[in-house]
There are 2 protein chains.
Amino acid sequence: MKGEGKPTINDVAAAANVSKKTVSRVINKSPLLSDKTRAKVEAVIKDLGFVPNLQARALALRRNFIIAAIHDNPNAQFLVNVQQGILEGIEGSEFGLMVQPFDRNTEDFEQKVRAFLERQRPYGVVLLPPISSDEAIVDLCREMGTRYVRMSSIKNDDEAHIVSSNDRDAVREATAYLIEKGHTRIGLIEGPEGFTSPQERRAGFEEAMTAAGLSLDPALVRPGSYTFESGVTAAQDLIALDHPPTAIFACNDEMAIGAMITCRRSGMLIPEDISIVGFDDTPLSSHVWPSLTTVRWPIVEMARTAAQKLIEPDDAAAQMPWMLPSNLVERGSVVPPK
Amino acid sequence: MKGEGKPTINDVAAAANVSKKTVSRVINKSPLLSDKTRAKVEAVIKDLGFVPNLQARALALRRNFIIAAIHDNPNAQFLVNVQQGILEGIEGSEFGLMVQPFDRNTEDFEQKVRAFLERQRPYGVVLLPPISSDEAIVDLCREMGTRYVRMSSIKNDDEAHIVSSNDRDAVREATAYLIEKGHTRIGLIEGPEGFTSPQERRAGFEEAMTAAGLSLDPALVRPGSYTFESGVTAAQDLIALDHPPTAIFACNDEMAIGAMITCRRSGMLIPEDISIVGFDDTPLSSHVWPSLTTVRWPIVEMARTAAQKLIEPDDAAAQMPWMLPSNLVERGSVVPPK
DNA sequence: CAATTAATTGACACCGGTGCCATTCAAGGT
DNA sequence: ACCTTGAATGGCACCGGTGTCAATTAATTG
């Protein structure tokens, strides 16, 4: 250790009077090392405060210690939950989390992703919805040999490369719950087109209705885009109908709250006049009044699992769960119809 | 290029029939290169699809291409805005953004931060509030030679290392606005203790009151913690007073909305019965009804500037703006008192 | 006790770039 | 034509680790 700068493996080797390769073995917890030597080297490492240089290891191992979360502008709460989950998943490892958003609407979207992967060469990437169902991007990962795990609402890859939740089942359950309460005219506020998650949620809704022998009145199905405003608009349409619904299922909480506020603004009482169910279980859903009955989406757990799969070998990843349960959270926004 | 794997600088050198050092010069846009050679090498680079290996550059240059955002669990919208700003700031560069939260309440908080910096050795870190005013962490950065920029609400460092906003001025302005409308009994919902931003906001409030010759009734000052619930609690206290305020300034939007909902739930009309002003200009503030008059906090711009300062040399960074204006956004939650 | 085998450890090239200094080459001066 | 000078390029060590394989040492066996 020549006076200043961080100590390197050479400094440790010199101080412990062993070869750098031996120090390397200690760092990597190699089993073929005598306990005596290991102890000696570990003492020196601790003494010198040596921390292995990740850049050098990255170069030598031809892989770095970066997990990248690639997304396309989802909402803030979702994004932060995913980040939290990934960080939990890599906690204790040497990995760091890099985040990189992309705009799927730009012409050179795919080029941008490619450039990012070529430049940073992350060890693995977590593909967030809706990018996770973009096969072109997944192909890109495969082509470049970048490990990836998709967070998706359907099983569109093998067990090692996907983490999903059973949204369809959960929505079916939630809708059945409304039906069980006595609702027969149930409005549906859909999510944006071209995404898989709203498709699944809608499918679950339809399945429950069909199973209960209820017809799906097209007038009760309104488009939405997962935004507060779209929830407002959809709700305005629904309550303006000649035979308005007695309950609304919105494909996410933000729209559900938009609907809730809209209904109240037009003089309705919630849940007495109209029941509302959302999806996501965002923090806001327990803040509003009445608190929103919704479906909890295990997004943090999903992200944690995705990250763990990335840093485990493929065969171990395939053994880990690939589907995590979404489930109904009963709060105060649902009662039987009048 | 031996058949497979990504092409390296050696492959380019061989194909262009120059030394690898010359290729290196091309990559680094060195001026002492003949145009002919440069053109030739660039053609080969493009042809081979060569992308320099950042890990190798990092090792050789003894610096990597990572900007880290270090934070302590702020709210999701804030965090995402900061990330967006930083990403805008590093757009076009080779840098990537790594995020790492820490819990300041744990015993080994400082150790954790140190371990992270020693392990990943980011080129620079953006310190988000409230960590940005933790001198121990800043000292850590200095000691380790890690570049840093603080995002803070006060100027607690030199121009090259800080980006702030004039929150105090903005709150003074906002409060003066309420006073100008005719309010004299104005409630204040404070932010969490130990943070600088709520201190500044409170200071601005007091300055405006004092300047208008209004006394600061302690009963009208309620604690808060930037959460929705704390806004609810504080508002309940305020409206239960014998002489309740005719207006409330909440130190952030979330509490303001908590207060808004609480007032309405107890039968008051907003803004007729009570005016409310928040701070942050979160998306929600324009969604609620009536839309919330608030102070826009230029957080994205601040983060962008912070990132730009990090990747510029110190002297250039010192020339960049270090204070960005916060300003009042008049919406619908303020009218003169009855 | 020598021979064989297993357990440790070391030497050295290499990962893919950059820094420093030497070398080559073309242009300008006399 | 010869020397000087500056521009352009190359050679080689080095950044801080790891992989491969050889060398050394310790343990086991006949």
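What you see is a predicted model, and the numbers here were worked out from it, not measured in a lab. Residue numbering restarts at 1 for every chain, and letters A, B, ... go by the order of the sequence lines.
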Worksheet item: Of B:L59 and B:R38, whose nearest nucleotide on DNA chain D comes first from the 5' end?
Response: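 Counting from the 5' end, the first nearest nucleotide belongs to B:R38.
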Practice prompt. With DNA chain D as reference, determine whether A:N53 or B:D35 sits nearer its 5' end, using the nearest nucleotide of each.
Written response: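 Here B:D35 is the residue nearer the 5' end.
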[X] [atom1] to [N] [atom2]: how many Å, rounded?
X	N	atom1	atom2	answer
A:L61	C:dG16	CG	C1'	14 Å
A:R63	D:dG17	CZ	P	15 Å
A:Q55	D:dG16	CD	C1'	10 Å
B:N64	C:dT18	CG	C1'	16 Å
B:R62	D:dA13	CZ	P	17 Å
B:I9	C:dT18	CD1	C1'	8 Å
B:F65	C:dG17	CZ	P	11 Å

Worksheet entry | Distance flag, aromatic centroids of B:F65 and B:Y123, threshold under 6.0 Å |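 No, ring centres 6.0 Å or more apart.
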Fill in: Pair A:F102 + A:H71: ring centers closer than 6.0 Å
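No, they do not, as the ring centres are separated by 6.0 Å or more.
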Worksheet item: Which of residues 16-29 of chain A have a heavy atom under 4.0 Å from DNA chain C?
Response: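 By residue number: A:V18, A:S19, A:K21, A:T22, A:R25.
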Worksheet item: Any side-chain N or O of A:T37 less than 4.0 Å from the OP1 or OP2 oxygen of C:dT9?
Response: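 Answer is yes, contact under 4.0 Å.
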Discussion item. With a 4.0 Å cutoff (strictly under), does any side-chain N or O of A:S34 reach OP1 or OP2 of C:dA7?
Written reply: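 It does not, given that no N or O in the side chain of A:S34 lies less than 4.0 Å from OP1 or OP2 of C:dA7.
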Worksheet item: If you round to the nearest 0.5 Å, how far is CG of A:D103 from CZ of A:F109?
Response: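 Here the interatomic distance stands at 8.5 Å.
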Worksheet item: Going by atom types only, do A:N53 and B:R119 share a side-chain donor-acceptor pair under 3.5 Å?
Response: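 B:R119 and A:N53 do not have a side-chain donor-acceptor pair below 3.5 Å.
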Discussion item. Does either side chain, that of B:Q308 or that of B:E312, offer a donor lying less than 3.5 Å from an acceptor on the other one?
Written reply: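 No, B:E312 and B:Q308 have no side-chain donor paired with an acceptor closer than 3.5 Å.
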Discussion item. Within a 6.0 Å radius of atom CG on B:D35, are there more than 12 heavy atoms belonging to other residues, nucleotides or ligands?
Written reply: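 Result for CG/B:D35: open.
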Worksheet item: Does the distance from a Lys or Arg side-chain N to an Asp or Glu carboxylate O, for B:E143 and B:R114, drop under 4.0 Å?
Response: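 Here B:E143 pairs with B:R114 in a salt bridge, since their nearest N and O are under 4.0 Å apart.
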